[in-house]
Amino acid sequence: MKIELSQPFFKERIAIMGIGLIGGSLALALKQNQSVGKIIAYDRNEEALERALALGVADEVYNDPIKAAENADIIVLATPITAMGAIVREIMPHLKPDAVLTDVGSTKGSVIDSIRAELGYLPERFVPAHPIAGTEKHGVENAFATLFEKRRTLVIPHLENSHDAVRTVHEMWVAAGSETEEMGVKHHDQVLAATSHIPHLLAYATVDTLANLDDRAEIFRFAAGGFRDFTRISASDPELWSDICLQNRESILEVLVAYQKKIDMLRHALEDEDREVLRTIFARAKHARDNFYKEPQ
């Protein structure tokens with residue numbers, strides 16, 4: 001579903017529930033593109049709220065989720081994924097009838113299940129979504145308005161969804177500079193396990209392994225650009241990524257089985273000094289990377 005804005009997108013009040021890198025960058029993007037009247041921020045962290053105000057990311061801030069959400073046209077859940085269900089239960093009775101609820105979580109099955117468990121149903125105006133963008137940094141002080149430009153946002157409609165609410169979420173992300181695409185819940189979690197969650201696991205495991213070697217100081221001293229590029233994401237928030245990996249554990253474990261088979265194949269090739277197996281795997285990987293991975297135009 002490709003959305004093009006036939007007229008400028010604008011909402012008077014958008015509430016960001018959890019004002020960190022993603023929520024803050026969405027706020028800045030919508031402000032920069034004159035797509036919002038006021039950004040309302042909720043967070044449990046008072047310092048984050050103070051920074052959001054000082055940096056001009058938010059216009060009003062609250063540590064009470066009900067006060068933040070009650071008059072909003074769109075409510076964006078940008079808290080840790082394990083907190084989303086409880087927040088929805090708390091704010092749902094206080095939302096405007098036409099308010100749209102969405103999220104930015106890196107897993108979709110667990111978020112949908114938690115909201116259904118808390119409410120007993122899925123609201124027709126709750127539209128799951130996931131912007132495929134970010135950095136290894138976190139916190140509202142690292143937010144920037146162009147984070148989503150030429151990046152994809154996956155919109156994950158469910159059977160009970162209002163068509164109007166789905167379109168509103170598409171339009172909001174297009175207004176923030178993103179390209180939107182729809183995907184099913186299970187497929188989303190499988191794709192993200194392979195393309196995001198497993199790479200984070202591998203980066204964390206690589207750095208942790210090297211950090212426990214006796215000559216670790218020398219190893220890190222002589223690490224070159226390739227090592228820095230590969231392990232950059234291991235500087236991401238450990239709390240956040242622990243939650244993500246546990247919440248998508250089934251899909252991650254499925255992909256890990258395939259990775260383990262490949263690692264075993266490489267180990268045997270090294271033990272047998274089998275250059276042809278190594279060359280074949282490396283060449284196949286290079287071909288796939290060169291031909292199938294392209295940045296959005």
Side-chain angles (χ1 to χ4, degrees), residues 14-27 39-45 48-49 52 58 61-70 72-96 99-134 138-140 153-158 160-162 165-166 168-169 172-173 183-186 188-189 192-193 196-197 236-237 239-252:
I14 294 180
I16 309 291
M17 314 298 282
I19 195 71
L21 171 69
I22 300 298
S25 295
L26 175 60
I39 291 290
I40 318 303
Y42 157 78
D43 207 287
R44 293 188 306 174
N45 186 325
L49 294 177
V61 298
Y62 298 95
N63 58 14
D64 180 341
I66 294 173
K67 289 182 179 178
E70 59 187 353
D73 301 300
I74 302 177
I75 301 93
V76 181
L77 302 171
T79 63
I81 52 180
T82 52
M84 290 181 181
I87 288 177
V88 171
R89 181 194 67 229
E90 189 171 359
I91 68 174
M92 199 67 198
H94 306 277
L95 301 185
K96 299 196 306 182
V100 173
L101 181 65
T102 186
D103 78 303
V104 298
S106 185
T107 72
K108 290 276 79 83
S110 66
V111 171
I112 289 171
D113 289 347
S114 69
I115 291 174
R116 184 185 282 115
E118 291 285 355
L119 298 180
Y121 66 97
L122 277 181
E124 68 172 4
R125 297 186 73 77
F126 166 60
V127 183
H130 179 202
I132 310 299
H138 56 94
V140 67
T153 294
L154 300 177
V155 179
I156 321 293
H158 56 83
E160 291 84 4
N161 262 146
S162 150
V166 173
T168 295
V169 171
M172 180 185 73
W173 282 108
M183 186 176 283
V185 176
K186 185 172 179 57
H188 169 277
D189 287 356
L192 269 294
S196 177
H197 307 162
S236 301
D237 182 0
E239 295 292 333
L240 170 71
W241 279 96
S242 296
D243 284 344
I244 289 171
C245 289
L246 287 172
Q247 294 298 311
N248 199 27
R249 62 189 179 278
E250 292 183 6
S251 294
I252 292 173

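Since we're looking at a predicted model, the values are computed, not measured.
- Residues satisfying the side-chain contact (heavy atoms from CB on, under 4.5 Å) test with D113, not counting sequence neighbours, are R116.
- With contacts defined as side-chain heavy-atom distances shorter than 4.5 Å, the pair L154/L192 qualifies.
- Residues forming a side-chain contact (heavy atoms from CB on, under 4.5 Å) with L240 (at least two apart in sequence, or on another chain): D237, I244.
- Applying the ring pair (Phe, Tyr, Trp, His ring centres under 6.0 Å) criterion to H158, with sequence neighbours excluded, gives no partner residue.
- Every side-chain hydrogen bond (donor to acceptor under 3.5 Å, both in side chains) that T153 has, sequence neighbours left out, goes to S178.
- For the side-chain contact (heavy atoms from CB on, under 4.5 Å) test, residues two or more places apart in sequence or in another chain that qualify with A52 are I19, V57, A58, V140.
- Among residues two or more places apart in sequence or in another chain, the side-chain contact (heavy atoms from CB on, under 4.5 Å) test is passed with T82 by P80, D243, Q247.
- Qualifying salt bridge (charged side-chain N to carboxylate O under 4.0 Å, His left out) partners for D189, counting only residues two or more places apart in sequence or in other chains: none.
- Under the rule for a side-chain hydrogen bond (donor to acceptor under 3.5 Å, both in side chains), the partners of S106 that lie at least two apart in sequence or sit in another chain are H197.
- The shortest side-chain heavy-atom distance between I156 and M183 falls under the 4.5 Å cut-off.
- Every side-chain hydrogen bond (donor to acceptor under 3.5 Å, both in side chains) that T107 has, sequence neighbours left out, goes to S110.
- A salt bridge (charged side-chain N to carboxylate O under 4.0 Å, His left out) check over residues 76-91, counting only residues at least two apart or in different chains, returns the pairs R89-E118.
- The closest side-chain heavy-atom distance from P128 to V185 is not below 4.5 Å.
- Residues passing the side-chain hydrogen bond (donor to acceptor under 3.5 Å, both in side chains) test with K67: none are found, sequence neighbours excluded.
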